[in-house]
Structure formats: structure tokens, C-alpha cells
Amino acid sequence: MRLQLSPEMEAFRDEMRTFFTTQVPQEIRDKVAAHRHLTREQYAQAQQVLNAAGLAVPHWPVEWGGKDWTPLQRHIWREEMQLASVPEPLAFNASMIGPVIAAFGNQEQKERFLAKTANLDIWWCQGFSEPDAGSDLASLRTTAVRDGDDWVVNGQKTWTTLGQYADWIFCLVRTDPTAEKKQRGISMLVFPMDTPGVTLRPIELIDGGHEVNEVFFEDVRVPADNLIGEENRGWDYAKFLLGNERVGIARVGATKKLISQAKAHAREVVVGGRPLSEDPRLTARIAELENELLALELTALRVVANSADGKPHPASSVLKLRGSELQQAATELLVDIAGPLSVASFADGGSQVPDWARVATPQYLNYRKVSIYGGSNEVQRTIIAGTILGL
Amino acid sequence: MDFTYDSEQNDLREAVAGLLGRAYSDSEQRRRVTATDPGFDEKTWARLAEMGVLGLPFPEEDGGMGAGPIEVAVVAEEIGRVLAPEPFVEAVVLAGGLVAAVGTAAQRAAVLGPLAEGSSVLALAHAEPATRWSPSAAAVTATQDGGAWRLTGVKEPVPNGARADVLVVSAVTDGGTALFLVRGDAEGLARTGYRTHDGGRAANVTLDGTPAELLGEGTADRSADVERAQALARIAYSAEAIGAMDTALKTTAEYLKTRKQFGVTLNRFQALTFRAADMYVSLELARSTALWASMVADAGGDVVAAAVRARLQTSRAGRHIGKEAIQLHGGIGVTAEYSVGHYTSRLTAIDHLLGDGDWAADRLAATVDSYPTVDPLGAPYTGA
Ligand SMILES: Cc1cc2nc3c(=O)[nH]c(=O)nc-3n(C[C@H](O)[C@H](O)[C@H](O)COP(=O)(O)OP(=O)(O)OC[C@H]3O[C@@H](n4cnc5c(N)ncnc54)[C@H](O)[C@@H]3O)c2cc1C
């Protein structure tokens, strides 16, 4: 056991910090820090800056642009990125389909997709969930039927995040409806979003934003080459992919950033002649939140340090569960600091309500999603109870 | 002590529920109404006026119905139940209540009559960007010029401030906080309205030497009057929150019975049904406290003290139920196309408009050492 980072890791952290705070355009980082939505171009620009420096997909195989980093390095990389308000590389590309193609795609697919995926020249979206297949993803009903050299896809996906920006979709489809276990009859197909028969309907979220979509498929013809890996093995790839998604899900850096913003705003809000930052109830609440976050960060560090052999540490399932709760607690803190100003969400010119107070409640409402997606917190508890505790 | 409603109160509930139930029978209707200014439906507002609801708490001689806090709570609960965007608590209970409490007979007749008839919308412009939930004005000042008053400064956020025909504005004079009436078309008045996250409207109201009429007689400090009107509005908001929580829970329970995953409806998972049961516990405890607070107001007890207690309980319950209602729905809970997220949004707005749960807890914490036990049926909650 040893507390300090090694001198090499200290240097690595400084290197990351310097890069993120000096090389990624300030305008983009300011927008992330202000909790405003980035444009498609801004996402691409930020990811391309990272990619040019080899920092977009360090967790990929070296051959495809990865770095042979230790889990600790990856952790530092991610946390520093979040603290600097750098938009993280698009998860659908960097954490989901990229690693799947690198691990299970054929050589032709790797050459065709990986470089463009790392550089966000292709924007991917995730077509897993369906109206009747949420937590129970394996019950998905979108079908792909072989017809000559094509697959013909019919059905519907939903919750497709930023599908409106996407060039390509990676989809779980049912290719063997007769399989004994429903997990066994699923394959993974990829195809362009402008393929004839694909239509998109926006879903408005509670914060008024357009972040997710329904995607409909009507006789969409997909060349057989676009099957990833083996037919009817899609569930294994999905599990591999969702395992990757859990990495970095704690979002400790992002929550730290929210709390530090909350403290700064609390200094500006004056109540009865004193700044809110001197209010004992508020400071006690912040202290508790920070301590929970400390425990989470230490757990994340303990878990990454122990999973060097590639197998996830069992305690990694607490990262998503508690990480999402703490993100939500931090957004709630901001709403409470804004107090009555927190109602002024769609104020524009002519308002004296500061920008941070305007966005506080929409963000708080929007962040209810983090305990729902990526395996809801109930699903996380089911994993802890079942897989870890054997209950 | 008796928690049952009399037949007139039941009739009132039925009438209001009928009207609002028709106007907002599905959440799409509400979305349509809140999509455009003024954020509520003028026709529904007029029908509420015809029913007497907009004059409910005012004396008959002022053009009102002479009803009390219990009837106000009945209406507010029905507003909350369907999330009706009509600003009953804001215009009638808060702004109207202040005019009823402070105004001269002539002012009461001039302002409350048209409010009750639905021909004039009233808004209280009290909050300032830097006063949080204080009952006093701070940066808006009133000066006398000849016999006439003029106001200068910024009020924000002012619920329904851009739509209001008449504003009740608090401002600082030598005597402390005074109250004024300002006409919507007054010179030197600039209003910038915007949408609030819950679909309502608020405004920045900038006064620049704006002519105003002093509300009531004299310029002695009116902070206590503001505080009392805020307390009555807090109690009404508690009732509105109860209505909203009740629907959020019902909607959630219904969803658990119909949504299928893993081949069964979600109510087969006890991990979820127990959470719904906990929501029920929160709701009923808050309901009791909200009802009690309206009874304290009705009995002439200390409304400020009772309102703080109701506030704390409904704030905590509103957060609990609002969050869980979304979580137990899964993804559909965070969409604007489904109702339940709007309930959470409204509960969050109510929570922050007149003092949140921590604010209330601080108030209570400051006095715990001054009494041995809390007696809901004793001083200071029962009137003389
Ligand atoms: C903002 C947002 C973005 C998303 N982006 C994407 C995307 O890009 N691509 C994609 O494919 N999907 C996406 N999703 C979908 C997400 O993964 C699903 O919402 C999630 O899997 C939950 O499914 P559901 O919404 O159908 O809820 P349901 O599965 O219907 O769950 C409803 C409730 O029941 C609980 N529950 C379900 N089963 C059990 C059980 N067995 N035991 C106990 N509790 C249970 C859940 O935890 C939840 O509380 C997104 C969702 C959101 C909200």
C-alpha cells in the first residue's frame, strides 16, 4: 500500500492537465462548464484535438490508436478531462462500437471504421433499446432477415441518443427468432442512418432539449458485410460493450467540477447580509457530499488498481450506482443555491438571473436520466445482490 | 378536530375538478397551453372566475366569495392534481391576499373585484434577484414626488409578471418595506417575460421612476404583511403539491401495473412496489401536515409558524415523490411527452418559489429551544 502517485504518474497527471487546459478550445470548455449543449461541430472539433494527440481512444488496442496505459493512467486521463470541462470523446464511438469492432470485427471492418471512429469522422449512435426492451434488453424485437447478400431490417429502436447527429448506427437485431434462449438469436449490424427505410423522430426531454430519438426501420437493406462478428453472437458483444461503458461511469471529476461551481455560486448569493457559503446547513451538506465523493473516488482508484488483469473488480458495480446518485445530488445542490432564481430557466436577454441559475433546474431534471440509462440503478443492485452477494 | 370536508366544500372540489379535468384531461392539452404566452388558458381562467374561484378568499363586500383557507386548499389541490397552469395561488392567494389584507376599501374594490371577475390578472412583484425569500424589499425604492409615488429598481423573478394587468410591488421607503399598485401600462415600466422550467411564466420587471399608488394607508413597514401573505400562499402551495404528488404516485402505481419487462409487469418486483409504498408514506404524512396548516389558518392561529412546518414536510415529500416517480418509470419519465416529469418539474418550482425545505428547517431550528414539545392543537397554532 502506498498513498502517493509515483513521480511518473505525477508527471503524467501534469501532462494531461496541461494538455486539456491549453489545447482544447476555451470556447468549448466554457460551454461545457456552463452546462450548455455543444453543437455537433464542437463535439467533433474537441474529439479531433484529442485524437491528434493520441488522447481520444487510449484504451483501444495500440494498433488502432490506443496507448498501452495502465488502468490508473486511464483513470487520471478521464478525471483530468472532466475537471477541465473537456467534452469526453463520444461514448458511442470511443467506448462502445470502437472496442467492439477492434475485438470482434474482421480486418476489413477494422480498416474501414476504426480510424474514422476515433476521429469522429463517423458519428455513431447506439440502437439497442426498444419500446418494450429496456432493462430487459434481450427481449428486443427488431428483426433482420437474410435476403441474398443483404439483411432486411424491420422494427423500432428508441432512446437513441443524438441520433440526429449520427452518420451510422450499431444495432442489435434478432436474426434467429427460434433460438432457445432469446439472448442467443441476436446479432449486431451496422449501417448508415441515411439508408432508405430509416426514419427518425425526435423525443423532447423534460428540460426541453432534443437529445434522444425514436428510430424506425422499414425494409432497410443492409449488406451482409455489415454484420459485426458472428451471426447470433450479438449479445456477447453487447455485454462486452456495456462492460466498457461502466468504465469511467463514476464521473468523479465531473461531479467535483459541479461541486466547486456550487461553492463559487454560494459565495455570490447573499442571504440576510451573509453569503450563502457561510450557511452552516449548506456547508454541512457540501461537506457530506464531498466525503461521499471522496469515498467513491478512492473506490474507483482501488478498483482500477486491482483490475490490471482485465477482469472487472466486483466493487466496480458500486461506481455506477453511487456515481449517478452523487451527480444527481450535485445538480440538486445547484438548484437549491439558485433558490427562487432556479425557476427562470428559459430567461434570455432582459433578465438579471445569472446563467448558471437558469440552467440549474433543467440540468437537475435532465440528470434524473443518469440513474436510468446504462443499466438502471435497480439493475445495478440486482447485479450486486445476485452476482456479488450470491443472493 | 375534524378532517372531513362539509358538503359545500365537497361541491366546490367536484366543480373545480370537473372544470380542470376537462381542460387538462391529458398532458398534451397542458403542453399546448403552456407552449404559448401567457402560459395558461384565458378561457379556463374566465371559467374559474365564473365559478367564483378567483374571488374565493376575499370578503363579499370586496367582490369575493368570503370563503376561507380550507376552500383555498381544496382548489389548490385540484390545480396540482392536473397541473393546471392557471396561476391561482400566485394571483389570487398571494397577490390578491396581500391587497385584501392591506388595501383600503376603495383599493380592494378596485383591484379584487376585477380579479374575481377574471377581467384583470394580478401579480406580486416582490422577489428581487438578490433577496432570495426575504419578506422585505431591498433594492427597489419608492420616492415621493409631490403627492405621487415613483418606483425604481428591478423585481425578478415575478411569476406571471409580463401578463399581469396590475402589479403589487414592494419597495423600500423611509419607513421600511411599503406596497404599491402599478398598472401594467404605466410609464417607465419594462417587463421581459420568459418561460419557467415547469411551463409557467415569470418576468424581469424593471421600474424606472414608474408611477405607483401606495397600497393601504401610511408607510409603516409592511414586511409582516408580506410574510403573512407568503405564509398563506405557502399553505396553498402545500395543497397544490399534495395534488401533484397524489397524481404522480397514482400514475406511477398504474405504470408499474401495466409496464412489462422480463415477461411480467413491473409490480411483480417488490424492489419497486416497496418504493411506491414509501412514496405513499411520504404523501400521507405531507397531506396531514398540509391539511392541518390550512386548519390553523382557518382557526386564526399562527399561519407563519404553521406554514413553515407544512413547507418542510411537503418540500421533502415533493422531492422524494418527484424523483421516485421518474425513476420507477425508467426512460419515459424524463420525457416531455409523458406527464410524470412535468409533475416533478412543478414540484421543484413550488419548492423554490417561497422558501425550500432547508429554509423552513432553519426557521424551525432557530426556535426548538423555546418550547418543550410541539402540540399541533395548542399554541401558537390554535387561534385565540
Ligand atoms: C436520456 C436517455 C438516453 C438513452 N440513450 C440510449 C441510447 O443511446 N441507446 C440505447 O439503446 N438506449 C438508450 N437509453 C435507454 C436506456 O438504456 C433505458 O432507458 C434503460 O435501459 C431502462 O429501460 P426503460 O427506460 O425501458 O425502463 P424499464 O426497463 O421499463 O424500467 C422501469 C423501471 O423498472 C425498473 N426495473 C426494470 N426491471 C427491473 C427488475 N427486474 N427489478 C427491479 N427493477 C426493475 C427499472 O430500474 C426502472 O426503475 C437512454 C435512456 C435515456 C433516459
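Below, each value reflects all heavy atoms present in this structure, side chains not excepted, and no hydrogens, waters or symmetry copies. By convention in this document, chain letters (A, B, ...) are assigned in the order of the sequence lines, proteins followed by strands, and residues within each chain are numbered from 1. Bear in mind that the values here come from a model prediction, so they are computed numbers and not experimental data.
Only the backbone of Ala338(A) comes within contact range of chain B, with at least one heavy atom under 4.5 Å from a heavy atom of that chain. For Ala361(B), the parts sitting under 4.5 Å from any heavy atom of chain A are the backbone and the side chain alike. When heavy atoms are compared at a cutoff of 4.5 Å, Pro131(A) approaches chain B solely by way of its backbone atoms N, CA, C and O. In this structure, the portion of Arg319(B) lying under 4.5 Å from any heavy atom of chain A is its side chain and not its backbone. Contact of Arg346(B) with chain A is not made at all, since no heavy-atom distance falls under 4.5 Å. Heavy atoms closer than 4.5 Å to chain B are found nowhere in Ala138(A), neither backbone nor side chain. For a residue to count as touching a neighbouring chain, one of its non-hydrogen atoms must lie under 4.5 Å from one of that chain's; by this rule Arg259(B) touches chain A with the side chain only. The parts of Ser135(A) that come within reach of chain B are both its backbone and its side chain, each placing non-hydrogen atoms under 4.5 angstrom from that chain. If you measure heavy-atom distances from Val269(A) to chain B, the contacts under 4.5 Å come from the side chain alone. Both the backbone and the side chain of Val335(A) come within less than 4.5 Å of a heavy atom of chain B.
Aromatic pair Tyr338(B)/His329(B): ring centres closer than 6.0 Å.
Under the side-chain contact (heavy atoms from CB on, under 4.5 Å) criterion, Asp362(B) pairs with Asp279(A), Arg281(A), not counting sequence neighbours. Not counting sequence neighbours, the partners of Thr196(B) by the side-chain contact (heavy atoms from CB on, under 4.5 Å) test are Val343(A), Asp198(B), Ala202(B).
Within residues 129-139 of chain B, the residues having any heavy atom closer than 4.5 Å to a heavy atom of chain A are Pro129(B), Ala130(B), Arg132(B), Trp133(B), listed by residue number. Residues of residues 156-166 of chain A placed with any heavy atom under 4.5 Å of a heavy atom in chain B are listed by number as Trp159(A).
Ion pairing between a basic and an acidic side chain is recognised when a charged N comes within 4.0 Å of a carboxylate O; Arg368(A) and Glu332(A) show no such pairing. Electrostatic pairing of Asp336(A) and Arg285(A) counts as a salt bridge here, judged by a charged N lying under 4.0 Å from a carboxylate O.
Counting heavy-atom pairs under 4.5 Å between each of Pro362(A), Gly349(A), Gly339(A) and chain B puts Gly339(A) at the top. Comparing Val271(A), Asn366(A), Asp132(A) by how many heavy-atom pairs each has under 4.5 Å with chain B, the most go to Asp132(A).
Note on ring orientation: taking the six-membered ring where Trp is involved, the planes of Phe269(B) and Phe262(B) are perpendicular (angle over 60°, cut-offs 30° and 60°).
In the model, Ser324(A) has a side-chain atom that pairs as donor or acceptor with a side-chain atom of Asn377(A) under 3.5 Å.
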